[in-house]
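So you know, we letter chains A, B, ... as the sequences are listed, proteins then strands, and number each from 1.
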There are 2 protein chains.
Amino acid sequence: MKDLNSEYQCAIDLVIDVIGGKWKVLILWNLNEGVKRFNELKRSLPNITQKMLTQQLRELEEHGLVSRKVYQEVPPRVEYSTTDMGKKLQATLFEMCKWGDEYAEQKGIAMNRCWTSYNFMEK
Amino acid sequence: MKDLNSEYQCAIDLVIDVIGGKWKVLILWNLNEGVKRFNELKRSLPNITQKMLTQQLRELEEHGLVSRKVYQEVPPRVEYSTTDMGKKLQATLFEMCKWGDEYAEQKGIAMNRCWTSYNFMEK
DNA sequence: TATCCTAGTTACCGTTTGGGAACCTTAGGA
DNA sequence: TCCTAAGGTTCCCAAACGGTAACTAGGATA
């Protein structure tokens, strides 16, 4: 698990540590739609494994970007949502997505249109 | 080397492939200052190894974000700069950096102020 | 009694990523 | 004759990352 204790040269450095990897920004992007349960999130992220989803959610929680609410029920119910700090990443993710779309178009890369926040953010 | 041939679910997915990893955004962020030679870049990126810098630059070049100009001289001179597509990433990197600064402040994480484009972009 | 449900955990294992160190090239200078 | 400079390449190794499959809890349902 990333520790964030090291000295960063630059904020960009830090951002890479916090949201780097294959899944984190995808998870956050999904959560920007609103509160989601574990399996709901899992369905939204094609190919993610249970293990990876749990692991990444734990790290996001530990770094204060996602919050986790457990209901004492059986079968279990756990809801995930973004924290304020997590929500503030929206602007970044939005810019990423815009650039990605433009890049894909220029390169002729096929893509299913974004399945999430993009449209509503475009507004 | 990343191939970008797979089917992406979303632009975010694609962006992660293109600028993911430990060094790429750092390199791009540095190049936003302007044209730089290999060793100049190397000095700007504390701890990067020659191998990683070359490798990452090659991938950025292949993906059309960076262009490489070789002068036929001895000792060699090679200049790197961002392409138009690379320059368009500035907005994204800027958002990243802003968020990173805010996050660092909230978490009390020590950091040397950004050594690059940040200030001039803030303008 | 057996099975299903959700949200996990655990052990194991292969791939990828990143790093260190040595080597290469070729002209000019000491 | 040897060294230096700049921009690499190559080989080898370790750690991180990510995936598979099996197992868990405990109440509800058939």
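- Here the C1' atom of nucleotide dA6(D) and the CD atom of Glu79(B) are 13 Å apart, to the nearest Å.
- In this structure, Ile27(B) places its CD1 atom 15 Å from P of dG7(D), rounding to the nearest Å.
- The Arg68(B) side chain lies nearest to dG8(D) when the options are dA7(C), dT10(D), dG8(D).
- Here the C1' atom of nucleotide dG19(D) and the CG atom of Leu45(A) are 16 Å apart, to the nearest Å.
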Going 5' to 3' along nucleotides 22-30 of chain C, which nucleotides have protein heavy atoms under 4.0 Å from the base (write B), which only from the sugar-phosphate (write S), and which from neither (write -)?
----BS---
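- Mapping Phe38(A) and Lys51(B) onto DNA chain C by nearest heavy atom places Phe38(A) closer to the 5' end of the strand.
- Counting non-hydrogen atoms under 4.0 angstrom, Tyr80(B) reaches the backbone sugars and phosphates but no base.
- In this structure, the CD atom of Glu73(B) is 11 Å from the C1' atom of dA6(D), given to the nearest Å.
- Among the nucleotides dT6(C), dG18(C), dA6(D), the one closest to the side chain of Asn39(B) is dA6(D).
- Distance, Lys69(B) NZ to dG7(D) C1': 17 Å, rounded to whole Å.
- Nearest nucleotide to the Thr54(B) side chain, out of dG19(D), dG19(C), dT9(D): dT9(D).
- Atom CG in Leu26(A) sits roughly 12 Å away from atom P in dG18(D) (whole-Å rounding).
- In terms of heavy-atom proximity, Ile16(B) sits nearest to Lys22(A) at CD1-O, 4.0 Å.
- Not counting sequence neighbours, the partners of Lys51(B) by the side chain to side chain contact (heavy atoms under 4.5 Å, CB included) test are Thr49(B), Gln55(B).
- Evaluation of the salt bridge (charged side-chain N to carboxylate O under 4.0 Å, His left out) test over residues 81-93 of chain A, restricted to residues two or more places apart or in two chains, returns Lys88(A)-Glu102(B).
- Regarding contacts with the backbone of dG7(D), a side-chain N or O of Arg37(B) is found under 4.0 angstrom from either OP1 or OP2.
- Checking the phosphate oxygens (OP1, OP2) of dG19(D), a side-chain nitrogen or oxygen of Lys22(A) falls inside 4.0 Å.
- Here the options are Arg37(B), Arg43(B), Lys36(B), the test is side-chain contact (heavy atoms from CB on, under 4.5 Å), and the partner is Asn39(B); only Arg43(B) passes.
- Protein atom CE of Met52(A) is 13 Å distant from nucleotide atom P of dT9(C), rounded to whole Å.
- The 12-atom threshold is not exceeded at CD of Glu105(B), counting heavy atoms of other residues, nucleotides or ligands nearer than 6.0 Å.
- The neighbour count for Lys69(A) NZ, taken as heavy atoms of other residues, nucleotides or ligands under 6.0 Å away, does not exceed 12.
- Smallest separation of non-hydrogen atoms from Trp29(A) and Phe94(A): CZ3-N, 3.8 Å.
- Following rounding to the nearest Å, Leu57(B) (CG) and dT9(D) (P) show an atom-to-atom distance of 11 Å.
- Taking the side chain of Val78(B) as heavy atoms from C-beta on, and the options dG19(D), dG7(D), dG18(C), the nearest nucleotide is dG7(D).
- In this model, the phosphate group of dT9(C) is approached by a side-chain N or O of Arg58(A) to a distance below 4.0 Å at OP1 or OP2.
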